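Just so it is clear, the structure is predicted and the values come from calculations on it, not from any experiment. Naming convention: chains lettered A, B, ... in sequence-line order (proteins, then strands); numbering from 1 in each chain.
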Amino acid sequence: MTLLGWLQIAALFLAVLVTVKPLGLYMARVFNGESTFISPLLAPVEAGFYRLSGVDPKREQGWLAYTLAMLAFSLAGFLALYAILRLQAFLPYNPQGFANVPPDLAFNTAVSFLTNTNWQNYAGEATMSHFSQMAGLTVQNFVSAATGMAIAVALTRAFARSKAATLGNFWVDLTRATLYVLLPLAIVTALVFVAMGLPQTLDASVTATTLDGGQQVISLGPIASQEAIKQLGTNGGGFFNANAAHPFENPTALSNLLNIFAMLWISTALVYSFGQMVGDRRQGWALLAAIAVLLIAGVGIIYWAESQGNPILTALGLDAGGGNMEGKEVRFGQSASALYAAVTTGLSDGGVNAMHGSFTGLGGLVPMFLIQLGEVLPGGVGSGLYGLLVFALLAVFVAGLMVGRTPEFLGKKIEGREMKYAMLAVLILPTVILGFTAISAMLPVAVASIGTAGPHGLSEILYAFTSAAGNNGSAFGGLSGNTLWYNSTLAITMLLGRFAYAVPVLAIAGSLAAKTKTPASGGTFPTHTPLFVGLLVGIILILGGLQFFPALALGPIVEHFAMLAGQTF
Amino acid sequence: MSIEQSPAAPLRRPGLLDPAILGPATLSAFIKLDPRQLVRNPVIFVTEVVAALVTALFLRDLLAGNAPGFSGQIAAWLWFTVLFATFAEAVAEGRGKAQADSLRRTRSELSARRLSTDGASSETVPATALKLGDVVVVEAGELIPGDGEVIEGIASVNESAVTGESAPVIRESGGDRSAVTGGTQVLSDRLVIRITAAPGLGFVDRMIALIEGAKRQKTPNEIALSILLSGLTLIFLIAVVTLWGLAGYSGTLLSVTVLAALLVTLIPTTIGGLLSAIGIAGMDRLVRFNVIATSGRAVEAAGDVDTLLLDKTGTITFGNRMATDFLPVNGVSGTSLAEAALLSSLADQTPEGRSIVALASGDYGVPTPAAQPDAVIAFTAETRLSGVDMGERRIRKGAVEAVLRFAGVTAIAAPAEFSAAVDRIARSGGTPLAVADGERLLGVIHLKDVVKPGIKERFAQMRAMGIRTVMVTGDNPVTAAAIASEAGVDDYLAQATPEDKLAFIRKEQEGGRLIAMCGDGTNDAPALAQADVGVAMQTGTQAAREAANMVDLDSSPTKLIEIVEIGKQLLMTRGALTTFSIANDVAKYFAIIPALFITTYPSLAALNIMGLASPQSAILSAVIFNALIIVALIPLALKGVTYRPVGAAALLRRNLFLYGFGGLLLPFIGIKLVDLAVTALHLV
Amino acid sequence: MIQHLRPAFVMTALFTLLLGLAYPLGITSLAQAVMPNAAQGSLIRRDGAVVGSQLIGQATTSPRYFWPRPSATAPDPYNASASSGANLGPTSAKLAERVKSDIERLHTAGIAGPLPADAATASGSGLDPHISPAFARAQIARVARERGMTEAQLSDLVGRVEEGRLLGFIGEPRVNVLRLNLALDAMKS
């Protein structure tokens with residue numbers, strides 16, 4: 001670890017810190033239905049969307065209607081994407097002449113992008129036509145993020161309102177999130193990306209004659225436009241197999257920082273919007289503080305672990321000074337790789353600029369653990385906020401009793417109904433992650449897919465289901481996931497990770513919105529103090545993470561000790 | 001009705017861990033092992049199932065001739081875990097049972113003298129045969145057969161069987177003291193009572209049921225907490241079951257016994273085992289304070305109260321006005337005014353009169369005159385003044401206008417000094433009493449409502465706790481404002497009618513606040529019913545007692561404050577033990593996980609940071625610690641965590657440190673100590 | 001549910017048109033018009049022929065050139081149409097073997113002592129265009145020998161091609177192998 005490395009990390013967090021407020025306030029305006037500086041341009045488009053789809057933007061929905069609308073839209077998105085992938089050979093913009101995507105892979109991929117996971121059981125440059133990348137994947141990159149934002153905003157309104165029957169209109173929130181937030185930011189980011197060197201062309205590839213006299217076919221495509229929304233929407237699905245390690249996705253250290261900034265910005269700003277919309281910005285800052293504590297700790301551990309290098313390779317004659325460079329790019333080194341790894345997993349982004357599977361034991365444990373904590377640091381666009389609020393509810397409930405009152409969060413009493421749905425949501429992650437991992441670990445056909453034997457193999461399986469359940473999408477790449485078993489089980493995991501979490505959250509929103517907002521008093525549990533931040537961090541670690549400790553002990557922790565002992569598998 | 005019925009013994013209040021309770025509780029702890037009962041408590045139910053499973057495996061090993069010392073010990077401690085939990089509940093119930101038993105004695109074999117509908121004749125019937133609306137006669141020495149309302153007569157009644165208070169109380173028809181309770185004894189005179197509660201549904205019956213916890217239903221907060229605990233149990237069940245598969249990957253075959261041990265130590269058995277004991281003990285604490293709650297829900301609501309509606313009289317002030325100052329006019333000396341005031345009040349036996357005498361002879365040192373007055377003029381509603389004639393002196397005190405009229409002075413002609421004094425007193429919320437000797441105005445007595453000492457500090461504490469106090473009074477706004485500011489209440493409701501109270505409560509509730517109030521009159525009933533916590537006085541009317549969700553047997557309006565504190569303490573105890581229980585898990589992982597995999601991965605020994613002797617001793621120690629901590633915390637569960645009237649932030653800081661950090665660290669030390677003992681005793 | 005189906009499908013269609021076609025095609029036209037070089041992949045041409053992209057590493061095995069890092073792409077190293085890392089775990093025996101053989105190869109090529117960490121590890125993309133300055137310097141002796149140049153000349157060249165941290169703290173010092181080799185070729189002529 002070096003001071004310069006930490007300076008780079010600090011600079012990124014500082015940039016996010018100072019820009020959270022303007023975007024947070026802007027988004028609060030957008031979701032409060034107020035007009036913004038780009039309304040003159042977008043309002044007609046917005047109105048056209050409503051007219052054509054027969055939506056009355058003035059009519060609000062109760063939690064059930066909101067949920068059904070969200071599910072209907074997800075279904076439509078799934079069908080559209082599945083159809084595009086299955087038919088890509090017959091569709092335009094296919095200069096490479098790629099064949100149709102096989103059914104199980106198309107199913108897995110459609111679910112993956114629909115759920116904002118972007119787990120990729122394929123190599124983009126060798127599988128997907130430009131049309132599939134643009135009209136299929138890019139579209140879901142936008143709208144799956146907008147769907148997450150809509151759900152988060154619905155939950156926010158539940159706290160902001162008193163005795164309300166409705167949570168807003170899903171179609172309006174979806175449309176406004178896309179038109180007013182994601183699209184403008186994506187356009188600007190995409191152009192900056194091109195300036196930084198990301199290609200943006202409809203050509204398939206260019207062939208170079210190398211200095212050695214060989215032929216190098218360099219894949220190209222409309223990369224910048226997809227990268228922009230991949231990060232802004234915390235999707236993470238790369239144009240290329242190597243994702244953001246690929247120089248065309250992430251050519252420089254500066255583009256790397258912009259990548260990380262782009263994925264963090266909306267998610268953190270949305271937390272600020274939350275504070276603004278519930279009428280107490282300190283709440284937003286408190287949640288952000290809890291996120292920062294855990295995320296920076298995560299960066300620190302990865303950075304430290306990776307800088308130590310791999311003693312097995314050191315023993316073979318590599319200089320330990322450069323750290324563990326396997327799977328990493330020279331232009332990023334340890335600091336920028338650690339930063340990217342922690343942020344992409346604390347968020348549910350899932351893009352990678354270094355291969356997590358080649359990290360050291362502890363360096364690989366942290367990204368996995370950050371996902372297992374529930375993708376709340378600050379999590380995916382929208383989904384992170386609502387996941388974090390579920391934890392806040394739990395924290396308030398467990399410790400809130402200690403001030404001698406029925407626990408309440410932001411003036412809403414937390415009672416049996418909320419606890420029931422919160423526990424349902426919290427249960428889904430350990431159930432699918434540990435359940436499928438345990439089954440796969442015992443199933444020969446599943447074990448056959450692993451890339452590295454020994455405890456690392458278990459880590460690969462565990463990471464895959466962790467990533468799918470957390471809708472992250474990053475991988476311990478050694479696992480060959482493009483098999484019937486993993487294509488189907490990972491798809492189920494992604495669906496449950498998204499919808500079995502989101503539906504209870506909306507039910508909580510419905511229940512909370514209907515409650516009277518109790519004014520705060522000296523007897524109210526304070527939820528904006530450093531004490532609450534500490535408590536929230538503790539609850540996230542204990543309720544979100546502790547149940548994974550045995551599994552982690554058998555995977556990365558054992559591997560860490562094995563690595564120190566120079567043991568290979 | 002048989003006269004030889006012995007008066008019921010006063011209510012018995014057992015100590016915290018009374019040996020007389022522990023015996024039956026131990027027996028009851030075993031009875032509670034019945035799975036049909038335990039299923040209500042998911043955490044402990046799972047523990048029991050697991051204990052049974054491990055026992056079966058132990059027996060299988062035993063029959064197979066293996067040496068199952070380890071699984072036998074694990075099984076035993078798992079059973080202890082369940083037993084300690086049922087024992088905690090039994091102890092909490094046992095304390096109530098002792099009280100219930102003494103209450104039940106009051107009901108045994110009661111009979112009643114029922115009047116016929118025309119009132120001409122009476123017949124003796126068993127109390128159980130009484131119906132709603134029956135009219136019975138009870139005479140001195142007899143026990144009242146059921147709850148009812150006095151419709152005729154006045155009598156002193158010994159209610160110690162219910163309240164524990166031996167001083168008799170007066171019960172009379174009409175007014176606010178008409179309610180009588182079945183099982184109490186009439187000491188003097190004769191009462192005619194209309195029965196208002198069907199047999200088995202009376203006050204004492206309800207009280208017994210509540211104290212025994214027989215009809216105890218989970219409160220909303222308990223339900224929410226149970227959901228959390230069940231959810232955690234499920235999560236850890238998944239973590240443990242899947243561990244079998246995860247371990248299988250590396251070729252480790254985990255035994256069911258160690259998985260069972262891991263599961264039971266991880267699930268929140270501490271709070272799961274103590275949860276119902278905490279609830280029962282909370283009700284019990286209230287009973288010790290001589291307050292009966294009709295539901296646990298009401299106790300919880302008490303902790304949540306945002307606004308206390310307090311009657312001025314009796315709660316904030318002593319309830320009668322007292323003389324605090326003499327303001328002489330026309331050059332009269334303070335002493336002569338005091339003397340005149342004293343003389344005028346000599347025959348005045350009202351509290352106000354007595355306070356004037358006390359002030360004059362105390363602060364002003366006026367001696368009691370030797371001479372008797374020639375005539376005593378008593379206060380009447382028409383004259384509105386009283387006084388004495390003594391020789392030449394015709395001393396009068398009374399309402400200002402009345403005294404002016406007596407002195408033959410018009411209000412306009414009254415000396416400016418006099419009018420100023422009257423005004424000043426009125427503005428400060430006091431009552432001016434004018435004093436005259438014949439035609440000569442001597443001065444003004446300042447009467448005021450005296451605020452109870454210490455009440456202001458009490459309200460300041462309430463404010464720190466985030467509770468708003470609102471004083472309710474029939475006084476005019478000026479008087480109310482003055483007393484409100486002196487007592488330090490946050491708000492007041494002046495010239496309040498019962499309708500005003502009801503409207504005020506509704507308005508506060510609209511804003512999301514929870515309201516507590518107390519009352520005793522029939523016209524308080526609607527407000528008592530509307531309030532989230534309504535405390536009726538035991539001396540109050542039946543209507544008030546029915547409408548309220550708590551009854552204060554001491555009939556002390558100040559109780560409301562203690563009730564709130566008890567409610568808060570109950571919730572705090574629950575929260576503290578939940579936090580403690582969850583925080584405990586960290587240490588248990590560090591004890592058990594390395595122990596499970598040490599043979600496959602010897603390097604995991606690095607996680608054995610407690611340095612436990614062997615894998616088996618580590619697992620056993622964690623299980624033993626997990627069981628013993630339940631017993632160790634029973635006293636805390638029954639007594640409740642220490643409550644301090646400070647703000648929520650300070651409370652949280654203290655409790656989070658104590659039970660959060662404490663819960664994190666204590667098991668590391670505890671498990672290590674148990675491990676040392678286990679190793680020293682060669683248990684494994 | 002039924003009443004939600006119309007907006008669901010209509011909106012999906014509208015979003016596909018707007019975000020799936022208008023947005024990427026619009027960005028493409030704009031990028032091609034304003035920044036054609038970057039938009040086409042920052043290609044490097046020599047004598048009119050494309051020799052590679054300055055962002056993409058290429059396999060140079062001739063001892064006359066500086067070598068890049070090992071690449072794990074399939075079927076050949078530096079396959080720019082199938083990016084991939086090795087994805088081997090830190091305790092992988094395969095990884096240890098591969099690193100060992102790479103170290104031996106480099107030792108045979110005359111590079112002595114502990115090797116820079118990037119010299120024998122595969123990058124995440126398999127297309128890493130850079131090597132560390134230390135790895136570049138370690139190769140100077142060999143290239144100088146092969147090309148008949150002085151080490152000082154090459155040291156000077158590496159120094160010129162080497163890129164530092166942006167603003168002194170962003171990124172890592174690095175040497176773009178293709179640019180270095182092109183500069184090397186340019187020196188000869």
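With a threshold of 4.5 angstrom between heavy atoms, C:Leu21 approaches chain A through side-chain atoms but not through N, CA, C or O. Using a 4.5 Å cut-off between heavy atoms, C:Tyr78 contacts chain A through both its backbone and its side chain. Only the backbone of A:Leu198 comes within less than 4.5 Å of a heavy atom in chain C; its side chain stays farther off. Heavy-atom distances place the backbone of C:Pro173, and not its side chain, under 4.5 Å from chain A. At a 4.5 Å heavy-atom cutoff, the contact between A:Val206 and chain C is made by side-chain atoms alone. Only the side chain of C:Leu166 comes within less than 4.5 Å of a heavy atom of chain A; its backbone N, CA, C and O stay farther away. Only the side chain of C:Arg69 comes within contact range of chain A, with at least one heavy atom under 4.5 Å from a heavy atom of that chain. Residue contact with chain A, scored on non-hydrogen atoms closer than 4.5 Å, involves the backbone and the side chain of C:Ala96 alike.
Remark: C:Arg64 does not engage C:Asp185 in a salt bridge, criterion side-chain N to carboxylate O under 4.0 Å. By the 4.0 Å N-to-carboxylate-O rule, C:Glu162 lies close enough to C:Arg137 to be salt-bridged with it. Salt bridge annotation for C:Arg165-C:Glu172: present, with a cationic side-chain nitrogen under 4.0 angstrom from a carboxylate oxygen.
Heavy atoms only, all atoms of each residue included: A:Glu249 and A:Phe239 are closest at OE2-N, 2.6 Å.
Note: A:Glu125 leads A:Glu125, A:Gln133, A:Gln96, A:Met355 in heavy-atom pairs under 4.5 Å with chain C. Between chain C and the residues A:Gly322, A:Pro247, A:Ala253, A:Ala245, the largest count of heavy-atom pairs under 4.5 Å involves A:Pro247. Comparing A:Thr138, A:Thr210, A:Val45 by heavy-atom pairs within less than 4.5 Å of chain C, the highest count is held by A:Thr210. Highest contact tally toward chain C, considering only A:Trp6, A:Tyr93, A:Phe193, A:Tyr50, is held by A:Tyr93 [criterion: heavy-atom pairs under 4.5 Å]. The candidate from C:Ala8, C:Gly171, C:Ser83 with the greatest count of non-hydrogen atom pairs under 4.5 Å with chain A is C:Ser83. Between chain A and the residues C:Ala39, C:Pro36, C:Ala38, the largest count of heavy-atom pairs under 4.5 Å involves C:Ala39. When the candidates A:Gly54, A:Ala126, A:Ala11, A:Pro222 are compared by the number of heavy-atom contacts under 4.5 Å with chain C, A:Gly54 comes out ahead. Ranked by heavy-atom pairs under 4.5 Å with chain C, the list A:Phe170, A:Phe248, A:Phe476 is led by A:Phe248.
In terms of modelled atom types and a separation under 3.5 Å, the side chain of C:His4 and the main chain of A:Thr67 share no donor-acceptor contact.
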